[in-house]
Amino acid sequence: MFRWITRFLTWLSNMLCCFPKKDERTLNIEKELQKERKYLRRQINLLLLGSGESGKSTFVKQMQIIHGAGEFTADEVRSYRQQIYQNAISAMRVLLDARNKLGIEWEKPSRQSDVPKIMRFTVSDLLKGIDFSTFIEIAPVIRDFWEDAAIRKTYDQRNLFQISDSCQYFFEHISRIALPDFCPTNRDILFCRKATRGISEHIFEINKIPFRFIDVGGQRSQRQKWFQCFTDITSILFMVASNEYDQVILEDRRTNRVVESKSVFETIVNNRAFSNVSIILFMNKSDLLKDKVPKSDIRQYFTDYTGDHLSVRDIQFFLVDKFEASRRDRARPFFYHFTTAVDTENIRRVFRDVRESILEQNLKTLMMQ
Ligand SMILES: Nc1nc2c(ncn2[C@@H]2O[C@H](COP(=O)(O)OP(=O)(O)OP(=O)(O)O)[C@@H](O)[C@H]2O)c(=O)[nH]1
Ligand SMILES: [Mg+2]
């Protein structure tokens, strides 16, 4: 019996020796794969959601400034320069059209003859891109229009029509933008508006931990793409433009922007796919809210507002409460921050806090697995 067992073991060991050993290359590949898997396990996936123009892409630009290269590539800068020309021309087109519709008289009637110089740009011209020589030619016309009281009066009523929040910044810097060697600064780039179409991903390594930001388009037509990004999310950063309480959305020109934003938040926060995902609310555009509050009475748009209509703080908390109330599971922790996405120092500070709470939350989740 013992002899049979010895023979069987000898046969088995011979057989095992016949199998080829893993060569060095395979071992290296396995090692790399293991490393990659470990890296991915540590990766924090942050999904930016919110309706159009709430500031999602601006937040990602800040991440590039704060945690990325600190600046934009030469190609990006070139393309932002074009986009800034486009932003300035299209906003002036909107103002000229609105002045006409609102019947506001020119301060200087001779300005009317310059109107076609701006209105000749069609939407497709603007989409194709404006070259530098064309922009230089019309920049003084834009500057003169911006100085006319009629355009200022029209701009004061901008909640009645659709115009980018950043146009004032570009009009005020028009002489610099029209210089031949104009090279957009980080601040210019933060103010530059381009609606996101589709999904874009940006990874920044912060203290050796990879943070992946997923930026999506927030306008109605873009939202059907959101579900493609719903897996493996660590946290959702939900952006709200807090200054929009007296505006309607671009898509139907009827629905109040805060109402739209709240209804999007409601579907996200109560979605079962996110029952274990922390959702952090960013009440953004605090700078624009401060400017707006003395000029536009929130009680005209929200009859349930009972705070001091001149208090920015009261309005901010009224909005936070509105969003918080739409959560079905009130036991889940709720985080919010008041932000100004174009202000790098503000975002640096807020994101430091957000990062800590996300990492803490992530650690708890990993420990429970
Ligand atoms: N003044 C000011 N402007 C802001 C702020 N946040 C964003 N903006 C501007 O608002 C505009 C819209 O911001 P985006 O970041 O493009 O908004 P978005 O959420 O990515 O919009 P979609 O891509 O259409 O979903 C840009 O021109 C920004 O410069 C803010 O806090 N203050
Ligand atoms: Mg965007």
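Here Asp291 does not pair with Lys295 in a salt bridge; the nearest charged N to carboxylate O distance is not below 4.0 Å. Using a 4.0 Å cut-off between a side-chain N of Lys or Arg and a carboxylate O of Asp or Glu, Glu345 and Arg187 do not qualify as a salt bridge. Between Arg78 and Asp75, at least one side-chain N (NZ, or NE/NH1/NH2) sits under 4.0 Å from a carboxylate O, which counts as a salt bridge. Looking at Arg176 and Asp188, a side-chain N of the basic residue comes within less than 4.0 Å of a carboxylate O on the acidic one, giving a salt bridge. Between Lys208 and Glu205, none of the side-chain N atoms (NZ, or NE/NH1/NH2) sits under 4.0 Å from a carboxylate O, so this pair counts as no salt bridge. In this structure, Glu53 pairs ionically with Arg257, as a charged nitrogen and a carboxylate oxygen lie closer than 4.0 Å. A salt bridge links Arg299 with Asp297; the closest basic N to acidic carboxylate O contact falls under 4.0 Å. The pair Lys117-Asp114 counts as a salt bridge, with a side-chain nitrogen and a carboxylate oxygen less than 4.0 angstrom apart. With salt bridges taken as basic N to acidic carboxylate O contacts below 4.0 Å, none links Lys108 and Asp144.
In summary, the side chains of Thr340 and Asn346 do not present any donor paired with an acceptor at a separation below 3.5 Å, with no hydrogens or angles considered.
Hydrophobic clustering (ILVMFWY, side-chain heavy atoms < 4.5 Å, transitive): Met63 and Ile203 are in distinct clusters. Leu288 and Leu95 sit in two unconnected hydrophobic clusters of ILVMFWY residues. Membership requires side-chain heavy atoms under 4.5 Å apart, directly or through other members. Under the 4.5 Å side-chain contact rule for hydrophobic residues, Leu46 and Phe274 do not share a cluster.
For His173 and Tyr169, the gap between ring centers is short of 6.0 Å. Ring centers of Trp146 and Phe170: at least 6.0 Å apart, outside the cut-off. Remark: aromatic rings of Phe351 and Phe213 are close, center separation under 6.0 Å. Taking the six-membered ring for Trp, Phe191 and Tyr80 have ring centres at least 6.0 Å apart.
The side-chain tip of Arg158 points at the ring of Tyr155 from less than 6.0 angstrom away and within 45° of straight on.
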Might you work through the side chain to side chain donor-acceptor pair (under 3.5 Å) test for Gln34 and Glu30, ending with a clear yes or no?
CA-CA 6 Å; Gln34 215 170 348; Glu30 276 182 3; over 6 Å; no

